[in-house]
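Below: one structure, written as structure tokens.
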Amino acid sequence: MRKVLFLFILCTVPLLTLYAEEPPTAVFNPDDLVLWAFGDIQPRNQKERLCFEIAVDDIAHMKNIDASICVGDIAQYGDEYRAEDAYIWFYNIYSRAGIPDLYEIAGNHDARNIDAYLKATKKPLHYAVQYGNLIIILLSDEKDSSGSDISDGAFNWWRNLVETNRDKNIITVTHSHLGGSGFIYNLISYRNVQGSERFTEILKKEKVELWLCGHTHIPSFLGLSKRQIGSLNDTVFMNVASIREDYWFSSAESRIISLKQGSDIMTVQIRNHRDKKFRCLLEQRVKLKAKFEYDGKGPVKFVYKGE
């Protein structure tokens with residue numbers, strides 16, 4: 001009986017310590033660059049809208065987050081709301097977070113009504129922002145499909161940014177995962193970034209520190225949200241999970257990315273918004289090619305204007 005009790009305690013302690021206790025308000029260092037990365041909101045009903053509202057209200061209690069990255073699927077194609085109403089609701093709720101800058105891309109559901117997406121976001125499909133020596137490149141889905149369709153023109157624009165900024169730290173953002181990035185769901189090829197080999201051939205020669213995606217809605221605790229591929233210059237591929245709670249064991253999740261002035265380490269924390277806690281044992285540290293430097297003057301923006 002004692003052995004059974006011992007084994008039970010041994011197995012459950014990691015689960016009990018998975019979350020970090022913290023004060024109600026998380027305050028980040030104002031000298032750091034802090035980014036909130038999330039995606040896959042796409043509510044099909046009022047109950048699922050509540051997931052995003054819970055996430056935003058949780059984030060609103062945190063101080064000194066500089067910007068947000070949304071990896072796509074803001075709206076749900078074919079839901080009970082019109083696309084225009086879905087985006088109006090999204091931006092109204094997001095405003096409660098109090099984070100000034102939002103960088104979103106179109107996911108596959110958004111791409112099914114691309115005109116509504118462009119009208120609502122007032123942003124191009126492909127663009128980049130630079131904070132000091134960090135460049136964030138954002139590539140939207142362009143077509144109605146189950147994967148991410150990115151044109152050759154947009155790919156060449158991405159490649160040029162990567163090749164001409166070898167001294168910079170780079171984050172790339174797509175909705176779907178890149179084929180060859182080490183995830184088990186790469187096996188379903190039609191749900192990957194289409195033409196992924198274009199990108200992986202460049203990654204064999206050029207360094208991208210972090211590649212963010214979404215699309216699968218798989219919770220982080222299953223261990224399927226992060227891979228680092230040595231043959232692709234140690235690029236860290238990370239799925240930001242899902243705001244929408246699709247499974248009985250799901251919780252609305254996102255990522256908090258922090259870059260500290262003068263440090264060559266980027267920290268990625270996993271946030272469970274339902275429980276208002278970080279998954280402390282799943283925190284990730286990403287090695288940068290250059291120590292982060294930023295003068296705080298605000299981002300510089302680059303836009304892909306087509307071929």
Can you give each donor-acceptor pair under 3.5 Å made by side-chain atoms of residues 183-191, sequence neighbours left out, with the distance rounded to 0.1 Å?
unit_1: Tyr185; atom_1: OH; unit_2: Leu224; atom_2: O; d: 2.8
unit_1: Tyr185; atom_1: OH; unit_2: Asn239; atom_2: ND2; d: 3.4
unit_1: Asn186; atom_1: OD1; unit_2: Ser181; atom_2: N; d: 3.2
unit_1: Asn186; atom_1: OD1; unit_2: Ser181; atom_2: OG; d: 3.3
unit_1: Asn186; atom_1: OD1; unit_2: Gly182; atom_2: N; d: 3.1
unit_1: Asn186; atom_1: OD1; unit_2: Phe183; atom_2: N; d: 3.1
unit_1: Asn186; atom_1: ND2; unit_2: Leu178; atom_2: O; d: 3.2
unit_1: Arg191; atom_1: NH2; unit_2: His215; atom_2: O; d: 3.4
unit_1: Arg191; atom_1: NH2; unit_2: His215; atom_2: NE2; d: 3.4

- Query: Residues in side chain to side chain donor-acceptor pair (under 3.5 Å) with Glu201, at least two apart?
  - Reply: Lys204
Keeping the roles fixed (side chain from [X], backbone from [Y]), state whether a donor-acceptor pair exists under 3.5 Å.
X	Y	value
Asn233	Leu203	yes
Asn272	Arg274	yes
Glu245	Ala252	yes
Asn113	Ala116	yes
Asn160	Trp157	no

Enclosure of [X] [atom1] (heavy-atom neighbours >12, cutoff 6.0 Å):
X	atom1	answer
Lys226	NZ	yes
Lys287	NZ	yes
Lys143	NZ	no

- Message: Can you tell whether the side chains of Asp264 and Lys291 come within less than 4.0 Å, N to carboxylate O?
- Response: no
Which atoms form the tightest heavy-atom contact between [X] and [Y], and what is the distance?
X	Y	answer
Leu138	Ala128	CD1-CA, 4.4 Å
Cys213	His175	CB-O, 3.6 Å
Gly39	Val71	CA-CG2, 3.7 Å
Tyr94	Ile99	OH-O, 3.2 Å
Ala60	Lys63	O-NZ, 4.3 Å
Val56	Ile93	CG1-O, 3.2 Å

Testing the 3.5 Å rule here: is there a donor-acceptor pair between the side chains of [X] and [Y]?
X	Y	value
Thr121	Glu104	no
Asn192	Ser176	no
Gln76	Arg244	yes

- Near-ring test Trp158/Phe199, centroid separation under 6.0 angstrom: yes
- Task: Before giving the answer on side chain to side chain contact (heavy atoms under 4.5 Å, CB included), spell out for Ile171 and Glu209 the whole-Å C-alpha distance, their side-chain angles and the decisive distance to 0.1 Å.
- Result: CA-CA 6 Å; Ile171 297 175; Glu209 275 68 24; 5.6 Å; no
- Message: Please evaluate residues Asp246 and Arg44 with respect to the criterion salt bridge (charged side-chain N to carboxylate O under 4.0 Å, His left out), reporting the C-alpha separation (whole Å), side-chain torsions for both, the decisive distance (0.1 Å), and the verdict.
- Response: CA-CA 11 Å; Asp246 281 336; Arg44 295 166 293 194; 3.5 Å; yes
- Group every Ile, Leu, Val, Met, Phe, Trp and Tyr by side-chain heavy-atom contacts under 4.5 Å, then state whether Phe278 and Ile257 land in the same group. no
- Candidates Lys277, Arg279, Arg271 - the one meeting salt bridge (Lys or Arg N to Asp or Glu O under 4.0 Å) with Glu253: Arg279
- Query: Quick one: ring pair (Phe, Tyr, Trp, His ring centres under 6.0 Å) pairs with a partner in residues 106-135, sequence neighbours left out?
  - Reply: His126-Tyr304, Tyr131-Tyr294
- Task: Verify side chain to side chain contact (heavy atoms under 4.5 Å, CB included) between Tyr77 and Asn108, making sure each step is shown before the conclusion.
- Result: CA-CA 9 Å; Tyr77 179 76; Asn108 61 302; over 6 Å; no
- Could you please spell out the steps behind the side chain to side chain contact (heavy atoms under 4.5 Å, CB included) verdict for Glu53 and Trp89? CA-CA 10 Å; Glu53 294 174 14; Trp89 164 82; 3.4 Å; yes
- Query: Looking at side-chain heavy atoms only, is the closest gap between Ile137 and Val162 below 4.5 Å?
  - Reply: yes
